[in-house]
Amino acid sequence: MEYRTKYPKTVSFLDGPKHKIDVDGSGVEQLHIVVKKSFDELLKIFVSEGFTKVKFEHKQPGQIGSGLNLKLKKPWEMHVRMVDLKKGLIGIHAEVEVSRDYLQHLFSQRTPVVYEVAEILSKYQVEYKLWHDRIKKDVHDIIDNYKVKLANPLLPVFAWKPMLFVIGTIGAFYGWKYLDTIL
């Protein structure tokens, strides 16, 4: 099943100028959600929404703790990381990608998301701002949005954990058979 969302396309800043969010070969330019809450408070909010800690990930510079993920409709998941910013602020980076339960996670497309996280924060009455890291300014207003569609992987998603069990079991039988013939 494909995943559809929207993402800010044109934004304005407090001092007035409009800016179009860039799209290049690696995707859209990422905006960050910035909150004035502690990591522990945010962790409680995300866990109460069904997020779980990510066991294996590439940590980003300044990342606090482990990332979190939330299973969405198969095969998608939302991955959230929190980074420590100056002055008691925490930046939240979020993206939707093929779940790490599937082999396709390693080479599938992914997209940053903000509205999904903003909805969760609003539910818990957490004030937030959008931050444009490259320009180093708070986003004042969102003028319009991209319509983003993540297509399903071309090949059916393949769960790698059961594959390891099958390979391990077959390997153990062949190992046992080999040892039985030489002993």
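The first residue of the sequence shown is numbered 1, and numbering continues consecutively from there.
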Colleague: When you group the ILVMFWY residues by side-chain heavy-atom contacts below 4.5 Å and let the links chain together, are Tyr7 and Ile143 in the same group?
Modeller: no
Colleague: Between NZ of Lys9 and NE2 of His19, what distance do you get to the nearest 0.5 Å?
Modeller: 13.0 Å
Colleague: Find out whether Tyr146 and Val23 are in side-chain contact, i.e. whether some heavy atom of one side chain is under 4.5 Å from a heavy atom of the other.
Modeller: yes
Colleague: Holding to side-chain hydrogen bond (donor to acceptor under 3.5 Å, both in side chains), I want the full list of residues that pass it with Tyr3, two or more places apart in sequence or in another chain.
Modeller: Glu116
Colleague: Evaluate the side-chain proximity of Leu72 to Met78: yes if any heavy-atom separation is below 4.5 Å, no if none is.
Modeller: yes
Colleague: Keeping Glu29 on the side-chain end and Asp22 on the backbone end, is there a donor-acceptor pair under 3.5 Å?
Modeller: yes
Colleague: Are the side chain of Lys44 and the backbone N or O of Glu41 linked by a donor-acceptor pair below 3.5 Å?
Modeller: no
Colleague: Tracing side-chain links under 4.5 Å among I, L, V, M, F, W and Y, which residues wind up in one group with Leu89?
Modeller: Val34, Val83, Leu85, Trp131
Colleague: Go through the steps to decide whether Gln30 and His93 satisfy the test side-chain hydrogen bond (donor to acceptor under 3.5 Å, both in side chains), and finish with yes or no.
Modeller: CA-CA 8 Å; Gln30 189 167 11; His93 306 174; 4.9 Å; no
Colleague: Taking the side chain as every heavy atom from C-beta outward, state whether Lys53 and Leu68 have any atom pair closer than 4.5 Å.
Modeller: yes
Colleague: Return the set of residues passing ring pair (Phe, Tyr, Trp, His ring centres under 6.0 Å) with Phe51 (not counting sequence neighbours), or none when no residue passes.
Modeller: Phe46
Colleague: Please check if any side-chain donor atom of Glu119 sits under 3.5 Å from a side-chain acceptor atom of Ser122, or the reverse.
Modeller: no
Colleague: What pair of heavy atoms forms the shortest contact from Ala118 to Tyr128, and how long is it?
Modeller: CB-OH, 3.3 Å
Colleague: Does the side chain of Asp141 reach to within under 4.5 Å of the side chain of Phe13, using non-hydrogen atoms?
Modeller: no
Colleague: Can you check whether Leu130 reaches His32 side chain to side chain, under 4.5 Å on heavy atoms?
Modeller: no
Colleague: With the side chain counted from C-beta on, respond yes when Val54 and His79 share a heavy-atom pair under 4.5 Å apart, and no when they do not.
Modeller: yes
Colleague: Rounded to the nearest 0.5 Å, what separation is found between the CD1 atom of Ile33 and the OH atom of Tyr115?
Modeller: 10.0 Å
Colleague: Hey, could you give me the NZ/OG distance between Lys59 and Ser66, rounded to the nearest 0.5 Å?
Modeller: 4.5 Å
Colleague: Check salt bridge (Lys or Arg N to Asp or Glu O under 4.0 Å) between Glu49 and all other residues, then give those that pass, not counting sequence neighbours.
Modeller: Lys123
Colleague: With a 4.5 Å limit on heavy-atom distance, are the side chains of Pro8 and Val139 in contact?
Modeller: no
Colleague: Start with the C-alpha gap between Thr10 and Asp144, add the side-chain angles, then the distance that decides, and say whether side-chain hydrogen bond (donor to acceptor under 3.5 Å, both in side chains) holds.
Modeller: CA-CA 5 Å; Thr10 310; Asp144 61 353; 2.7 Å; yes
Colleague: I'd like to check the side-chain hydrogen bond (donor to acceptor under 3.5 Å, both in side chains) partners of Thr52; sequence neighbours left out, ordered by chain and number.
Modeller: Asn69
Colleague: Kindly determine whether Ile21 and Leu31 satisfy side-chain contact (heavy atoms from CB on, under 4.5 Å), including the steps that lead there.
Modeller: CA-CA 9 Å; Ile21 303 299; Leu31 298 172; 3.9 Å; yes
Colleague: Residues in side-chain hydrogen bond (donor to acceptor under 3.5 Å, both in side chains) with Glu127, at least two apart?
Modeller: none
Colleague: Output the distance between atom CD1 (Ile92) and atom CZ (Arg81), rounded to the nearest 0.5 Å.
Modeller: 13.5 Å
Colleague: To the closest 0.5 Å, what do you measure between CD (Gln63) and CG (Asp84)?
Modeller: 11.5 Å
Colleague: Say you draw a straight line from CE of Met82 to CD of Gln60; how long is it, rounded to the nearest 0.5 Å?
Modeller: 12.0 Å
Colleague: Of the non-hydrogen atoms in Ile90 and Ser38, which two are nearest, and what is the gap between them?
Modeller: CD1-C, 3.7 Å
